[in-house]
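First the structure, in the form of structure tokens, and then the observations on it.
None of the values given here were measured: they were computed from a predicted structure. Just so it is clear: chains get the letters A, B, ... in the order the sequence lines come, proteins before strands, and each one is counted from 1.
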Amino acid sequence: MLKISAAKLNDLFDAISAKQTLYIPVDREPNAAEFKKYESGMKLSASLNTIRSAKDFFFPQTENLADFKMNGKNIEVKDIREESEDFVIFGVRACDARSFGILDKVFLSEPVDSFYKNRRDHGTVVTMACTRPSETCFCTTFGIDPTVPEGDCAVFFDGENYFFLDRTEKGTKFVESISDMLEEGDASKLAEVQENARNIMKKLPLANLSTDSFGGDKLNELFDSDKWADLSEACIGCGTCTFVCPTCQCYDIRDFNTGREIKRFRCWDSCMYSDFTKMAHGNPRTSQLERFRQRFMHKLVYFPANNDGEFGCVGCGRCLSKCPISMNIVKVMKALEVK
Amino acid sequence: MQRIGVFVCHCGTNIAATVDVKAVAEALGHEAGVVISQDYQYMCSESGQDLVKNAIKEHNLTGVVVCSCSPRMHENTFRKAAASAGLNPYLVEIANIREQCSWIHKDIASATDKAIVLGKAAVAKVHLNAPLTAGESPVVKRALVIGGGIAGIQTALDIAEAGFEVDIVEKEPTIGGKMAQIDKTFPTLDCAACILTPKMVEAAQNEKITIHSFSEVADVKGFVGNFTVTIKKKARFVDETKCTGCGLCTEKCPMKKVPNEFNMGLDNRTAVYIPFAQAVPKVATIDPNYCLMLKNGKCGVCSKVCTAGAIDYKQTDKMIEQKYGAIVVATGFNPIKPDKYDEFAYSYCPDVVTSLELERLMNAAGPNGGTLLRPSDKTHPHTIVFVQCVGSRCDDEKGKPYCSKICCMYTAKHAMLIREKYPDTEVYVFYIDVRTPGKNFDEFYRRAVEQYNVHYIKGMVGKVTPKADGKIDVQASDLLANEQLHINADMVVLATAIEPDKTARPLATMLTTQMDTNDFFTEAHPKLRPVESATAGIFLSGACQGPKDIPETVAQASAAAAKAIGLLCKNSITCNPCVAHSDELMCNGCSACEKVCPYGAITYQDKEFRMPDRSTAIRRVASVNPAVCQGCGACTVACPSGAMDLNGFSNSQIMAEVDAICK
Amino acid sequence: MQVNENFEPVIVAFCCNWCSYAGADLSGTNRLNYPSNVKIIRVPCSCRVNPMFILRAFQKGADGVILCGCHPGDCHYTSGNYFTRRRITLLYSMLDFLGIERNRTRLEWVSAAEGAKFAAVMNQFVEDVKKLGPNRRLEDLRCRKQ
Amino acid sequence: MNKNQKNWIDITSGVNVLKCMRCGKCSATCPSYDEMEYHPHQFVYMVEKGDIEPLLNSKSLYKCLTCFACVERCPRGVEPAKVVEAVRLTAVRQQGNNHLIPDMIPDMLDDDLPQQAIVTAFRKYTK
Amino acid sequence: MQEAMIKRAKELLADGTVNRVMGWKRGEFSYDITPAVFETAEELDAEFVCDDLTQANVSKYLIKESRKEGKILALLKPCDTYSFNQLVKEHRIIRENVYVIGIPGGPKIDIEKIKAKEISGILSVKNEDYTLKIETIYGTETMPYYEAISGKCENCKSKKHVVFDELIGEDGDVLESNRFEMVEKLENMTAQERYDFWRDQLSKCIRCNACRNVCPACTCENCVFDNPKSGIDNKAAADSFEENMFHIIRAFHVAGRCTDCGECSRVCPQNIPLHLLNRKFIKDINSLYGEYQAGADTTSRAPLNDYSTDDCEPSIVHERGVE
């Protein structure tokens with residue numbers, strides 16, 4: 001396998017960023033990593049994951065869609081779409097890597113979201129295998145192997161060297177583009193590291209969480225469950241879970257009048273908000289219970305129903321650590337589980 | 001879709017000289033929603049107004065923007081024009097391109113640009129204007145007069161004359177006020193009692209007038225046309241309905257050492273008393289601070305002698321509530337106590353008296369039966385010194401900053417009366433200026449000098465020193481002779497400043513009316529609305545508004561009455577429609593708005609609501625009384641949820657203007 | 001600091017109807033000059049001005065915002081400008097805390113008789129804002145004039 | 001009229017002579033009145049007019065005991081004694097450096113000196 | 001202490017004083033504690049928790065709960081009582097429908113502080129004589145208790161319960177705290193430094209509304225930022241201006257009402273020190289208009305709904321600190 005020693009990692013980053021924009025996770029403060037545009041000297045974060053997921057790269061929080069102007073009775077529309085530049089996201093974890101697949105199912109199915117596709121086409125996802133999972137991790141529940149992440153190219157770290165495994169055509173091109181900095185290396189120690197990580201995964205407190213009670217065919221019994229009232233009781237209706245979630249893909253489209261023109265933009269929305277999908281008649285989900293239920297039903301029932309059984313959660317655990325009142329999908333799944 | 005008409009006025013050359021009005025009309029014609037944009041020489045002229053009216057009809061306008069002079073000038077003109085053409089008057093907006101544009105800028109290009117921006121802001125605002133209808137609020141046909149002096153009596157009589165019910169609230173046991181204490185009046189020298197007491201009797205006998213003597217206003221709620229006032233009738237321990245005013249109790253009362261307020265404490269009265277012979281109502285009052293029965297439970301003489309059985313030691317304060325359409329404040333004045341001016345020796349020399357004390361000393365019903373005697377030894381004074389401006393015209397630390405207005409005239413009166421009655425007495429008046437603006441006033445003062453030989457000396461008294469021989473050394477300067485004088489006087493009379501009654505300030509708070517720093521009530525406009533307060537439905541009568549002599553007081557009293565009658569004549573009053581209103585669905589019921597409302601226009605109710613989640617809930621919500629609200633908008637900012645908004649100046653309207661200006 | 005001579009700031013002035021708006025009228029009546037950058041919005045009382053309006057002005061492109069009301073004690077509505085004074089003091093202090101230039105905001109008491117003061121205040125304010133240059137710290141990039 | 005002198009007196013005295021309403025109470029109250037050529041109210045009036053030279057040349061300047069009676073009693077808070085003092089200082093400054101300094105006072109004290117004069121001196125030199 | 005609370009709650013449920021208990025429910029780990037309403041003794045025994053990690057201020061829930069049938073028992077820490085009292089003052093909580101037991105306050109432990117020490121895979125946290133013993137997947141770790149104290153407890157303003165029907169444990173006093181230290185530090189910076197500081201912080205904002213929704217002072221029926229009619233509604237911070245706008249207006253709306261409970265900063269997923277904005281207002285109010293503690297009573301006038309005729313002018317801003 002091709003590798004680069006840990007000491008040379010930054011040289012590699014410099015080389016990549018010389019050709020295209022590179023994003024890597026860096027520590028903003030202890031226990032708070034974020035993806036940043038690489039600038040020479042930046043240190044790759046050792047944190048397990050970033051606070052915000054990597055979905056921003058393809059589905060940013062706000063995005064200008066079009067500009068238009070009212071001119072008498074005419075509307076003058078300005079197409080502001082531009083071809084995206086090539087970019088590389090380095091150090092995406094297995095859970096976030098899987099989330100792109102979920103987002104693809106939404107944005108790349110007909111009608112294709114050209115804004116999303118444009119970015120997706122130009123972005124190379126370089127993933128990083130997990131070696132030190134946290135107690136909030138439960139990606140294995142959704143069939144993800146964090147030791148062998150998906151993505152265009154997977155990177156493995158054995159403590160000394162980073163090994164590169166191209167998994168897609170784009171990944172192959174990526175590895176080729178940096179091949180002059182890589183060398184063939186002995187990956188024997190890697191298996192041990194992976195085995196070690198898998199063993200830890202088995203011991204994690206959420207290792208036994210099961211999706212057996214959920215899926216597209218469980219709609220009625222889950223929808224009508226009497227547990228929702230208790231579960232949603234403490235929900236304050238903020239959008240934290242939604243906005244840190246790598247798979248939440250709802251957005252709202254709004255207009256902003258700058259005084260000279262109107263900018264039509266989209267921004268993330270949250271089904272937890274009282275004005276989510278508000279229409280002329282009002283809001284279809286009028287209580288926090290309904291809104292709360294929507295979020296989890298979507299991930300655990302509606303999404304698999306429409307996507308060959310794939311759940312809308314990747315077990316990254318962000319909502320577990322960020323919910324202001326510590327209510328999350330794990331608690332919901334455990335409460336609704338049929339034992 | 002809005003159909004807006006824009007009308008740009010040249011104002012002759014006032015606007016057109018610096019603003020390219022054609023360009024303004026042209027530019028605004030391109031604004032969204034504008035269907036007609038015209039300019040004209042004089043938009044406020046009849047033909048200009050016709051232009052607007054015709055355009056409203058012809059283009060079926062939904063809004064009108066007039067680019068002209070200040071809205072303070074012609075907003076009403078164009079509102080009326082719109083109304084007469086069938087457009088709601090509140091759909092008119094003015095862009096001020098004269099006072100705030102053409103008159104301050106010289107450069108035509110920049111002035112024109114600014115005029116266009118101001119016009120655009122007005123167009124943006126008028127897009128969001130809503131038709132407003134002025135509400136109506138009924139008027140209670142009864143007036144309250146607070147204070148029963150000559151001002152209050154005159155006001156009450158005039159209002160009653162017009163056929164309305166009037167209540168007088170007087171804090172003393174009798175009406176009459178300061179005028180009842182005065183001996184003679186200037187400049188005619190007729191007897192005050194002879195002209196006042198008939199009016200007091202008239203007030204008492206008028207069926208439309210109810211006198212609440214020995215009473216105070218305890219609380220005022222409500223608003224113009226509909227005040228609810230709580231009146232505290234203080235316990236006088238005598239049943240008003242039974243007392244015949246025979247005065248037997250006052251003769252028999254053993255407690256005879258009570259300082260007599262009516263005679264300025266110069267003699268004594270009994271614990272049960274009638275202030276003076278002509279008191280109205282002529283009813284006795286027991287002073288609980290001195291009555292032996294009320295203090296120790298031992299006596300009861302008055303009760304025994306009263307054949308009418310009117311004495312009631314168990315009487316307590318009583319609260320009565322009454323509704324009024326108008327309130328007239330006539331709380332009057334008091335002379336200040338000159339204690340703090342050590343140089344005048346007032347606090348320790350009994351022969352230094354104030355002018356009001358002199359009135360009592362000279363009054364036939366006064367302590368000496370009308371013979372002027374020195375308070376200390378009851379001898380006849382041969383030299384009397386009058387000191388003017390005591391406590392008036394001072395800087396703030398030393399006294400009152402204003403001229404008390406009446407002192408020059410009453411001092412001339414006193415001097416003249418003394419010289420007439422006691423020609424052997426020398427009278428000196430130390431003055432700074434003699435101020436006599438009034439009909440026959442200067443002639444009166446000249447008579448004192450020329451006919452009665454009163455010594456007027458320009459200068460001030462610096463020191464008054466009582467001497468061992470009972471005489472008083474008055475050290476003063478004679479500025480014209482440029483010398484310092486010493487006068488060996490028998491008596492010194494201080495023309496003390498007058499100040500508003502102490503009860504005025506708490507009353508102003510209850511009435512939410514404004515006061516100046518001297519506690520005089522502030523009129524709504526010093527020239528155009530001199531007898532109204534800024535608070536609708538509250539009128540000002542007499543010296544509570546500023547120092548006044550009797551003729552002025554009576555004139556203002558009648559003027560205030562006329563204003564009150566004008567209000568009471570209406571069955572209902574039209575309210576300003578630019579008032580706050582609360583969106584009940586958004587209201588939190590937190591009371592923030594109520595706290596900042598200066599008019600008490602906001603109240604809260606518990607109402608049942610269907611909530612967004614289809615449940616029903618009882619919620620506390622604010623509601624604004626449009627008749628009380630004056631439309632300041634303080635509540636709209638205090639409200640965190642934005643439930644409060646202001647008609648005519650709504651959040652969205654102001655923001656639309658901001659957007660248009662910043663564009 | 002470099003001063004851009006050609007910079008013409010957008011100044012929004014909120015004036016209460018009873019004093020300051022009348023004061024502005026008076027400066028017009030007396031033909032007292034002040035720059036045309038100043039555009040006045042009439043409000044019934046200074047207490048009607050919501051901090052939202054001030055921020056909105058900066059968002060939409062204002063370079064300075066000035067609020068004028070009756071002198072304390074002279075409010076047509078008795079107490080409105082006292083509330084204004086507290087609110088605006090706290091708001092301006094907060095803007096200062098966030099690093100927004102102090103001279104972009106101002107509160108002045110101008111009576112109906114103070115036409116000269118109104119013009120002087122506006123002259124001074126426009127000059128101060130010109131010195132600061134365009135509003136960059138509290139602007140909305142989408143609204144920036146190209 | 002000597003404008004500089006007038007300004008200097010206005011500044012050093014801290015008195016706004018325009019507040020005077022010409023009531024003459026200062027002169028009415030002055031214990032040194034008879035000793036003076038120019039009386040307290042005249043000091044105020046003449047300073048207002050800028051007519052200061054006659055005051056500087058008058059003995060009245062030194063007759064003021066600085067008893068502050070006029071300050072105490074002036075209804076308008078004009079403080080004539082401070083005006084007199086300021087004029088006196090003007091005179092002192094004009095004399096060059098040969099005027100009294102505080103250290104010289106103890107030697108000059110006389111048992112017969114009235115209390116008032118000592119107080120006056122203190123007031124004058126501790127200003 | 002937790003046992004005493006459960007015991008007393010069960011008594012009050014049993015004698016009918018209350019029919020519900022507002023408390024906290026344990027979660028999957030030792031730290032993911034959720035506010036919850038309990039209706040039975042069994043539920044209390046099984047799930048009630050109130051320990052060193054129980055931080056959430058539950059007073060805001062009582063707005064809704066106090067409008068339901070019957071009386072609810074609320075267990076309130078000293079700081080929570082201020083929020084509760086402020087809500088009573090604003091007529092949001094119906095006081096008669098709540099039975100308040102004052103319980104001891106912090107200093108509480110914040111799990112984020114432990115994680116910041118690069119301790120991960122946390123299974124349990126135990127306080128052993130002010131040393132935290134932390135069991136993780138990767139072994140046992142220890143750290144001093146005080147290093148893990150929650151930000152909201154670091155500058156505790158009061159140990160006094162301003163409202164209660166009874167107490168468990170003792171009542172304390174209002175404390176002298178140096179809670180304005182950071183505000184002062186910022187005030188002493190230059191305007192450019194302050195601007196940079198806040199740009200750096202507020203640009204992290206993802207407009208998740210956690211700060212607003214958790215805030216006991218933000219109880220509007222309909223927030224201006226959610227209301228299209230307000231003219232300033234927005235869902236996302238599409239521009240740096242909107243990041244500023246949201247936080248300025250929010251701080252202004254709670255000025256004079258914010259009790260400084262610290263929940264905003266606690267729940268911010270991006271660790272923005274939002275409480276500094278509120279504290280700036282509190283500090284200004286204290287210094288300009290006299291000491292005022294929101295929630296300390298239910299009768300005083302809020303400083304922004306009050307005035308004095310000799311209040312300072314806004315120009316005081318120009319006279320202070322550094323530009």
I need the [X] [atom1] to [Y] [atom2] distance, nearest 0.5 Å.
| X | Y | atom1 | atom2 | value |
| --- | --- | --- | --- | --- |
| C:Asn37 | B:Asp113 | CG | CG | 11.0 Å |
| B:Lys595 | C:Phe83 | NZ | CZ | 11.0 Å |
| C:Phe53 | B:Asp659 | CZ | CG | 11.0 Å |
| B:Tyr599 | C:Ser79 | OH | OG | 7.5 Å |

Is it the side chain or the backbone of [X] that comes within 4.5 Å of chain C heavy atoms, both, or neither?
| X | value |
| --- | --- |
| B:Ala121 | neither |
| B:Val117 | side chain |
| B:Lys663 | backbone |
| B:Leu118 | side chain |
| B:Ala638 | both |

Next item on the list: Can you tell which part of C:Val65 gets under 4.5 Å to a heavy atom of chain B, answering side chain, backbone, both or neither?
Entry: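 Contact with chain B is absent: no heavy atom of C:Val65 under 4.5 Å.
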
Notebook entry, point to check: By number, which residues in residues 16-32 of chain C have some heavy atom less than 4.5 Å away from chain B?
Noted result: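 Within residues 16-32 of chain C, near chain B: C:Asn17, C:Trp18, C:Tyr21, C:Ala22, C:Ala24, C:Asp25, C:Ser27, C:Gly28, C:Thr29, C:Arg31, C:Leu32.
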
Does [X] reach the side chain of [Y], with side-chain heavy atoms less than 4.5 Å apart?
| X | Y | result |
| --- | --- | --- |
| B:Asp107 | C:Ser36 | no |
| C:Val43 | B:Ile654 | yes |
| C:Pro44 | B:Cys632 | no |
| B:Glu657 | C:Arg42 | no |

Check: Which pair of non-hydrogen atoms, one from C:Tyr34 and one from B:Lys114, has the smallest distance, and what is that distance?
Finding: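 Looking at all heavy atoms of both residues, the closest pair is CE1-NZ, 4.2 Å.
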
Notebook entry, point to check: Do you know the tightest heavy-atom contact between C:Val12 and B:Ile661?
Noted result: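 That closest heavy-atom pairing would be CG2-CG2, 4.0 Å.
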
Next item on the list: Report the C-alpha separation of C:Ile41 and B:Val658 in whole Å, then their side-chain angles, then the decisive distance to 0.1 Å, and conclude whether the side chain to side chain contact (heavy atoms under 4.5 Å, CB included) test is met.
Entry: CA-CA 8 Å; C:Ile41 293 178; B:Val658 168; 3.6 Å; yes

Margin query: Out of B:Met73, B:Arg98, B:Lys106, return the one with the most heavy atom pairs under 4.5 angstrom to chain C.
Written below: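 Ranked by heavy-atom pairs under 4.5 Å with chain C, first place is B:Lys106.
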
Next item on the list: Considering only heavy atoms and a distance below 4.5 Å, find which of B:Ser102, B:Pro598, B:Cys662, B:Gly633 pairs most often with chain C.
Entry: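 The candidate making the most pairs under 4.5 Å is B:Cys662.
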
Next item on the list: Might you work through the side-chain hydrogen bond (donor to acceptor under 3.5 Å, both in side chains) test for B:Asn651 and C:Arg48, ending with a clear yes or no?
Entry: CA-CA 9 Å; B:Asn651 287 333; C:Arg48 175 66 188 94; 2.9 Å; yes

Next item on the list: Name the option with the most non-hydrogen atom pairs under 4.5 Å to chain B; the candidates are C:Gly80, C:Pro51, C:Cys143, C:Pro35.
Entry: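 Looking at each option in turn, the highest pair count goes to C:Pro35.
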
